[in-house]
Undergrad: 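Can you read through this structure? Questions will come right after.
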Amino acid sequence: MTELYISPEFEVIRNTNRCIACRVCERQCANEVHSYDSDAKAMICDESKCVNCKRCVSLCPTHALKIVKNDDRLRENANWQDDTIKEIFKQANTGGVLLSSMGNPKPFPVYWDKILINASQVTNPPIDPLREPMETRVFLGKKPERTERDGEGNIKTELTPQLELAVPIMFSAMSYGSISYNAHKSLAIAAKELGIFYNTGEGGLHEDFYCYGENTIVQVASGRFGVHEEYLNTGAAIEIKMGQGAKPGIGGHLPGAKIVGDVSKTRMIPEGSDAISPAPHHDIYSIEDLRQLVYSLKEATQYKKPVIVKVAAVHNIAAIASGVARSGADIIAIDGFRGGTGAAPTRIRDNVGIPIELALAAVDQRLREEGIRNNVSLVVGGSIRSASDVVKAIALGADACYIATAAVLALGCHLCRTCQTGKCNWGIATQRPELVKRLNPEIGSERLINLITAWRHEIKELMGGMGINSVEALRGNRLMLRGVGLTGKELEILGISHAGE
């Protein structure tokens, strides 16, 4: 049967007056877009393979290349849009499920951009963060409801295990296998230098990175890949992954093409076999089952490490979080529907879940109403893009934020959304040795450190402008937020007033 033709998404524009046929573009493109025609003595390209990663554009020594969106469109139709028809063509050609990477790109509301931060003026003067102390440290874990004293009247200072962060930001779960060895090393080095944590994701921990254990969160997912006693005891905390924002309600899948060498060894599965995490944990079908796993992990680590439960932001997230808070977990991580991923079914990524802003506000309010907010800390992720997003998240009730897409952008990602192919031209989402080496972990970690350092300065400035000198004083302080262009129901869920009120 003849396949239906789909015009290339991008056009490669080559300035022939500038092009010197040095073939850098050919050597640098993992997708084999560029090639040299020896008969014509000129460079040619197969635009159907281009993903607009900008590698060739960035490295062309004569700036002869430009990639533009192909303006060849199917006949205009408000209901049957060009992208929708082409997706049907693809499925008719292949019979396969559409796969996508990174976060939801659809034009849903971004609530961070509709929330403004208040500032102090006269009666409550602002604070100058350059001259006055500003506390950005946070401690994640269960907190006591009240001050308690011993028989001699001394305050009891013992707490359950806590994670101490120099700044309320952590690197979210990205597994070894979905991202490269050098990308993981960049995250580990940066986390240690910054005094924060990075998350292994569900692929286990490479033995080379055990030395970063004090700054590592080890994850336990439904597939239990790479999970063993030494792994659990190496990390500073353990995260049980129940779901993630890009694909709520389904499991994970790392193609066998990426299960090679040390990835196979670390995950403890044969080379070339697909790493499939089931949708549910097959030993968890209730909060009581979850509680049993939480305490099994605490037993395995002598109650020395906090346990995190990660869930996707879905419509009944407040009730789910209420149950998790009673499971014995120390921290709840909530991942919004704009969260990134190495690969997810397109229909799931673009249609399931809710924005992290609404989920966070609903959870924080529910836990406060039930008097159990101090039982857990809240960490949120799913498109935290800037220091102002972090500040707004904390004011809505978060204790800290996870970042992943922002972190890989700092490493050089150009968001070309083809992670699932394993052909990342920037050495991040790949296991091909010739591509992995393109990311220097020393340079990568330096860029991550620069990013978080810059955000820390901005967080201090934003807090100073509000007249607040610590993250703890900002947490849940919704009076410092105002909404613009939001409906009454949205303002009610967020728990904030409209600008001007």
Undergrad: State whether a side-chain donor-acceptor pair under 3.5 Å links Q219 with E239.
TA: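 Indeed, the side chains of Q219 and E239 share at least one donor-acceptor pair under 3.5 Å.
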
Undergrad: Determine, for R137 against E164, whether the closest basic-nitrogen to carboxylate-oxygen distance falls under 4.0 angstrom.
TA: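 Looking at E164 together with R137, the answer is yes, because their closest N to O distance falls below 4.0 Å.
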
Undergrad: Applying salt bridge (charged side-chain N to carboxylate O under 4.0 Å, His left out) as the test, list every pair that has at least one member in residues 409-429; sequence neighbours left out.
TA: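 Residue pairs with at least one partner in residues 409-429: there are none.
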
Undergrad: Sequence neighbours left out, cut at 3.5 Å: what donor-acceptor pairs do the side chains of residues 363-373 make with other protein atoms?
TA:
residue: D364; atom: OD1; partner: R368; partner atom: NE; Å: 3.2
residue: D364; atom: OD1; partner: R373; partner atom: NE; Å: 2.8
residue: D364; atom: OD2; partner: R368; partner atom: NE; Å: 2.9
residue: D364; atom: OD2; partner: R478; partner atom: NH2; Å: 2.9
residue: Q365; atom: NE2; partner: E369; partner atom: OE2; Å: 3.2
residue: R366; atom: NE; partner: E370; partner atom: OE2; Å: 2.5
residue: R366; atom: NH2; partner: E370; partner atom: OE2; Å: 3.4
residue: E370; atom: OE1; partner: S322; partner atom: OG; Å: 2.6
residue: E370; atom: OE1; partner: R326; partner atom: NH1; Å: 2.8
residue: E370; atom: OE1; partner: R326; partner atom: NH2; Å: 3.3
residue: E370; atom: OE2; partner: S322; partner atom: OG; Å: 3.4
residue: R373; atom: NH1; partner: V376; partner atom: O; Å: 2.8
residue: R373; atom: NH2; partner: G397; partner atom: O; Å: 2.7
residue: R373; atom: NH2; partner: D399; partner atom: OD2; Å: 2.8

Undergrad: Kindly write out the residues that satisfy salt bridge (Lys or Arg N to Asp or Glu O under 4.0 Å) with K86, not counting sequence neighbours, or none if the list is empty.
TA: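 Expected list: D82.
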
Undergrad: List in chain and number order the residues that pass side-chain hydrogen bond (donor to acceptor under 3.5 Å, both in side chains) with N425, two or more places apart in sequence or in another chain; answer none if no residue qualifies.
TA: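 Partners of N425 by the side-chain hydrogen bond (donor to acceptor under 3.5 Å, both in side chains) criterion, ordered by chain and then number, come out as R438.
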
Undergrad: Listing request: all salt bridge (charged side-chain N to carboxylate O under 4.0 Å, His left out) pairs with a residue in residues 378-393, at least two apart in sequence or in separate chains.
TA: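 For residues 378-393, and leaving out neighbouring residues, the salt bridge (charged side-chain N to carboxylate O under 4.0 Å, His left out) pairs sorted by first residue read D113-R385, R385-D389.
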
Undergrad: Heavy-atom count check: over 12 atoms from other residues, nucleotides or ligands less than 6.0 Å from K192 NZ?
TA: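 No, NZ of K192 has 12 or fewer neighbouring heavy atoms, counting only those of other groups under 6.0 Å.
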
Undergrad: Using modelled atom types and a 3.5 Å cut-off, is there a donor and acceptor pairing between side-chain atoms of T84 and backbone atoms of W80?
TA: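 The answer is no, because no donor-acceptor pair under 3.5 Å joins these two groups.
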
Undergrad: Among residues at least two apart in sequence or on other chains, which ones pass side-chain contact (heavy atoms from CB on, under 4.5 Å) with P144?
TA: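 Applying side-chain contact (heavy atoms from CB on, under 4.5 Å) to P144 gives L159.
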
Undergrad: Whether the Y231 and T200 side chains hold a donor-acceptor pair (N or O, under 3.5 Å, no angle test) is what I'd like checked.
TA: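 Checked: Y231/T200 side chains pair up, N/O donor to acceptor below 3.5 Å.
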
Undergrad: Would a distance-only check, ignoring hydrogens and angles, find a side-chain to backbone donor-acceptor pair under 3.5 Å from S222 to P278?
TA: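 Side chain of S222 to backbone of P278: a pair is present.
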
Undergrad: Output yes when a side-chain donor or acceptor of N215 lies under 3.5 Å from a complementary backbone atom of F197, and no otherwise.
TA: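 The answer is no, because no donor-acceptor pair under 3.5 Å joins these two groups.
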
Undergrad: I'd like to know whether S388 forms a side-chain contact (heavy atoms from CB on, under 4.5 Å) with L462, so could you lay out the CA-CA distance, the side-chain angles of the two residues, the decisive distance to 0.1 Å, and finally the verdict.
TA: CA-CA 8 Å; S388 59; L462 287 164; 4.2 Å; yes

Undergrad: Do you see a donor-acceptor pair shorter than 3.5 Å between the side chains of Q162 and K142?
TA: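 No pair is found: no donor N or O on one side chain lies under 3.5 Å from an acceptor on the other.
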
Undergrad: Please check: side-chain N/O of T301 versus main-chain N/O of N233, any donor-acceptor pairing under 3.5 Å?
TA: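 No: the side chain of T301 does not pair with the backbone of N233.
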
Undergrad: For the side chain of R338 and the backbone of D335, is there at least one donor-acceptor N/O pair under 3.5 Å apart?
TA: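 No; zero donor-acceptor contacts below 3.5 Å.
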
Undergrad: Measure up the F209 and Y181 rings against each other and bin them: parallel (under 30°), tilted (30 to 60°), perpendicular (over 60°).
TA: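 Ring orientation, 0 to 90° scale: tilted.
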
Undergrad: Return the set of residues passing salt bridge (Lys or Arg N to Asp or Glu O under 4.0 Å) with D83 (not counting sequence neighbours), or none when no residue passes.
TA: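 Here no residue qualifies.
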
Undergrad: Could you walk me through whether S186 and R447 pass the side chain to side chain donor-acceptor pair (under 3.5 Å) check?
TA: CA-CA 9 Å; S186 299; R447 293 178 62 83; over 6 Å; no

Undergrad: For E214, which residues count as a salt bridge (Lys or Arg N to Asp or Glu O under 4.0 Å) partner, sequence neighbours excluded?
TA: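 Scan of E214 (salt bridge (Lys or Arg N to Asp or Glu O under 4.0 Å), adjacent residues dropped) gives none.
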
Undergrad: Listing request: all ring-ring contact (aromatic ring centres under 6.0 Å, His included) pairs with a residue in residues 319-373, at least two apart in sequence or in separate chains.
TA: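 Pairs touching residues 319-373 that pass the test: F108-F337.
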
Undergrad: I'd like to know if the side chain of T216 and the backbone of V218 have a donor-acceptor N/O pair within less than 3.5 Å.
TA: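 Not confirmed, T216 side chain does not pair with V218 backbone.
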
Undergrad: Please determine whether salt bridge (Lys or Arg N to Asp or Glu O under 4.0 Å) holds for the pair K69 and E9, giving the CA-CA distance in whole Å, both sets of side-chain angles, and the decisive distance to 0.1 Å.
TA: CA-CA 6 Å; K69 187 82 171 174; E9 187 175 359; 2.9 Å; yes

Undergrad: Please confirm whether the backbone N or O of R349 pairs with a side-chain atom of N104, one donor and one acceptor, at under 3.5 Å?
TA: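 Looks like yes, one N/O pair under 3.5 Å.
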
Undergrad: More than 12 heavy atoms of other residues, nucleotides or ligands under 6.0 Å from NZ of K90: yes or no?
TA: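 Atom NZ in K90 is not crowded, with 12 or fewer foreign heavy atoms closer than 6.0 Å.
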
Undergrad: Run the salt bridge (Lys or Arg N to Asp or Glu O under 4.0 Å) test against E446 and tell me which residues pass, sequence neighbours left out.
TA: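 Residues passing salt bridge (Lys or Arg N to Asp or Glu O under 4.0 Å) with E446: none at all.
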
Undergrad: Is it the case that the side chain of Q431 and the backbone of G177 share a donor-acceptor pair, with hydrogens and angles ignored and the cut-off at 3.5 Å?
TA: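 Yes.
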
Undergrad: Measure from the side-chain N and O atoms of T430 to the backbone N and O of G422, and report whether any donor-acceptor pair falls under 3.5 Å.
TA: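 Flag set: sc T430 to bb G422 pair under 3.5 Å.
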
Undergrad: For W455 and I169, what are the C-alpha separation, side-chain angles and deciding distance, and is it a side-chain contact (heavy atoms from CB on, under 4.5 Å)?
TA: CA-CA 9 Å; W455 284 21; I169 300 167; 3.6 Å; yes

Undergrad: Going by distance alone, is a donor N or O of one side chain under 3.5 Å from an acceptor N or O of the other, for S277 and E202?
TA: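 Yes, because at least one side-chain N or O of S277 sits under 3.5 Å from a partner of the opposite role on E202.
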
Undergrad: Can a salt bridge be assigned to the pair R347 and E87 using a cut-off of 4.0 Å between side-chain N and carboxylate O?
TA: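 Counted as a salt bridge, because a side-chain N and a carboxylate O are separated by less than 4.0 Å.
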
Undergrad: Checking W426 now: which residues fulfil ring pair (Phe, Tyr, Trp, His ring centres under 6.0 Å) with it, not counting sequence neighbours?
TA: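 With sequence neighbours excluded, W426 shows a ring pair (Phe, Tyr, Trp, His ring centres under 6.0 Å) to H414, given in chain and number order.
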
Undergrad: Just wondering, more than 12 heavy atoms not from H253 lying within 6.0 Å of its NE2?
TA: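 Buried by this count: over 12 neighbours within 6.0 Å.
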
Undergrad: Which salt bridge (charged side-chain N to carboxylate O under 4.0 Å, His left out) pairs, counting each pair once, include a residue from residues 284-295, with sequence neighbours left out?
TA: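 Sorted pair list comes back empty.
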
Undergrad: Check whether more than 12 heavy atoms from other residues, nucleotides or ligands sit under 6.0 Å from atom CD of E193, and answer yes or no.
TA: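 No, CD of E193 has 12 or fewer neighbouring heavy atoms, counting only those of other groups under 6.0 Å.
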
Undergrad: For the side chain of T421 and the backbone of T418, is there at least one donor-acceptor N/O pair under 3.5 Å apart?
TA: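 A pair under 3.5 Å: yes.
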
